[in-house]
Amino acid sequence: GRIRESDIRAAASQLSAPRGGQRGGGQRADHDRSNRISPLRKTIAQRMSAAAAETAAVTLHTEVDATNLVNLRGQFRAASDAQEGVPGYNDILVKLTALALGRHPDLQSQWREGALWVPGDVHIAIGIDTDQGLLAPVIRDVPARSLRQLAVETRRLAERARAGALTVDEMQGGTFTISNLGNYGVDAFTPIINLPQSAILGVGRIRQLPVVVGEQVLPRFVVSLSLTFDHRVHDGGPAARFLHTLREFIQQPGPWLID
């Protein structure tokens, strides 16, 4: 009944054996597998590593009362008989973000040959989850588009992304990125900057919470925003002011969406 040296060596060899090795009666584990890394996955990995290594990333988080945003989205759905061109939450957020960037254009600054370059236009990249990996096609000239035009363009780019049909031009030229994980039940997260951009907005799910309004506690819809910015390019104050402006736009979206 004693534990001998041979017993210990045998147990140690089993613990250190490769996971794909023989187990229990010579049967190979059927849940171990090795996936070949696709060229797209390699590109995504390289870009994420570069963003982490080349930026001084800081993330600001805030919660916003999105009750009026939810009501506005409901009005769009009720007023339309077809889904084509009906703005979703992301379309409205893209539009409001572009308007906020119009007030804070420096949030679009990019390093170019040792100097900071500020684009004159607003081209927003949107994160699209595909079977091949995360893609970020670009919506051009967002402030000039109506919400319905944005809805149509967003769906077109999403379909092309999932079909693997995006062109190089559709993937380049973004000045700011929005990544929305609300559809997956994520409350908040820390997005990674999409180089050469210097800021990115992460959007969580819209959820109903009890909120103090005046002297009452009322059920309100709340959404979490997470702004990651490159501290080499922006200080905390300007980044916070942009986030504050966007928060005001989301709380009262109607007036800002009137052309």
Side-chain angles (χ1 to χ4, degrees), residues 60-103 122 124-130 136-162 176-189 191 200-227 242-259:
L60 304 180
H61 301 280
T62 189
E63 288 191 339
V64 184
D65 187 335
T67 303
N68 291 328
L69 179 69
V70 172
N71 292 337
L72 180 63
R73 162 62 172 153
Q75 292 171 18
F76 280 124
R77 295 185 65 180
S80 178
D81 295 330
Q83 290 298 315
E84 182 70 16
V86 178
Y89 290 121
N90 213 46
D91 303 316
I92 301 173
L93 289 170
V94 166
K95 182 71 171 184
L96 294 175
T97 299
L99 296 176
L101 288 170
R103 291 195 176 189
V122 181
I124 294 185
I126 53 173
I128 303 293
D129 182 34
T130 73
V138 178
I139 304 175
R140 311 281 175 184
D141 301 317
V142 175
R145 295 177 184 260
S146 68
L147 279 176
R148 294 191 181 276
Q149 290 172 335
L150 284 176
V152 171
E153 180 66 359
T154 298
R155 283 154 182 73
R156 185 188 74 83
L157 290 173
E159 290 173 358
R160 288 178 58 80
R162 294 184 177 114
F176 190 88
T177 297
I178 295 177
S179 180
N180 191 336
L181 295 180
N183 287 338
Y184 300 99
V186 175
D187 291 335
F189 62 102
I200 179 173
L201 181 70
V203 182
R205 69 184 176 106
I206 297 176
R207 61 201 191 279
Q208 199 168 31
L209 297 174
V211 177
V212 177
V213 181
E215 297 182 354
Q216 295 180 301
V217 177
L218 302 174
R220 307 287 287 183
F221 288 98
V222 175
V223 63
S224 294
L225 304 179
S226 302
L227 176 69
F242 162 78
L243 200 56
H244 179 74
T245 297
L246 181 57
R247 180 176 181 172
E248 289 184 332
F249 288 179
I250 293 174
Q251 289 178 156
Q252 298 290 341
W256 308 109
L257 298 174
I258 299 175
D259 296 330

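Just so it is clear, the model here is predicted, and its values are computed rather than measured.
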| task | Could you go through the side-chain contact (heavy atoms from CB on, under 4.5 Å) check for Val86 and Arg73 one step at a time? | result | CA-CA 9 Å; Val86 178; Arg73 162 62 172 153; 3.3 Å; yes
| message | I'd like to know whether the aromatic ring centres of Phe176 and Phe242 sit less than 6.0 Å apart in this structure. | response |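 Yes, the ring centres sit under 6.0 Å apart.
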[X] vs [Y] side-chain heavy atoms within contact, under 4.5 Å:
{"X": "Ile92", "Y": "Leu150", "result": "no"}
{"X": "Val211", "Y": "Thr67", "result": "no"}
{"X": "Thr154", "Y": "Ile126", "result": "yes"}
{"X": "Leu246", "Y": "Leu201", "result": "yes"}
{"X": "Phe221", "Y": "Asn68", "result": "no"}
{"X": "Leu225", "Y": "Val203", "result": "yes"}
{"X": "Gln252", "Y": "Glu248", "result": "no"}

| task | Answer yes if the side chains of Tyr89 and Asn180 hold a donor-acceptor pair under 3.5 Å, and no otherwise. | result |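 Note: Tyr89 and Asn180 side chains miss the donor-acceptor criterion.
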| task | Let me see the working for Leu72 and Gln75 under side-chain contact (heavy atoms from CB on, under 4.5 Å), right down to the final yes or no. | result | CA-CA 5 Å; Leu72 180 63; Gln75 292 171 18; 4.1 Å; yes
| Salt bridge check: are Glu63 and Arg207 linked by an N-O gap of less than 4.0 Å? |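 Yes.
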| Salt-bridge criterion met for Arg155 and Asp91 (N-O under 4.0 Å) |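 Counted as a salt bridge, because a side-chain N and a carboxylate O are separated by less than 4.0 Å.
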Quick check for you: to the nearest 0.5 Å, what is the distance between [X] atom [atom1] and [Y] atom [atom2]?
{"X": "Ile178", "Y": "Leu227", "atom1": "CD1", "atom2": "CG", "result": "10.5 Å"}
{"X": "Asn183", "Y": "Asn90", "atom1": "CG", "atom2": "CG", "result": "8.0 Å"}
{"X": "Arg160", "Y": "Ile128", "atom1": "CZ", "atom2": "CD1", "result": "13.0 Å"}
{"X": "Phe249", "Y": "Leu99", "atom1": "CZ", "atom2": "CG", "result": "6.0 Å"}

| request: Could you please spell out the steps behind the side-chain contact (heavy atoms from CB on, under 4.5 Å) verdict for Thr97 and Val142? | output: CA-CA 9 Å; Thr97 299; Val142 175; over 6 Å; no
| Stepwise, does the side-chain contact (heavy atoms from CB on, under 4.5 Å) test hold for Asp187 with Arg205? | CA-CA 5 Å; Asp187 291 335; Arg205 69 184 176 106; 2.4 Å; yes
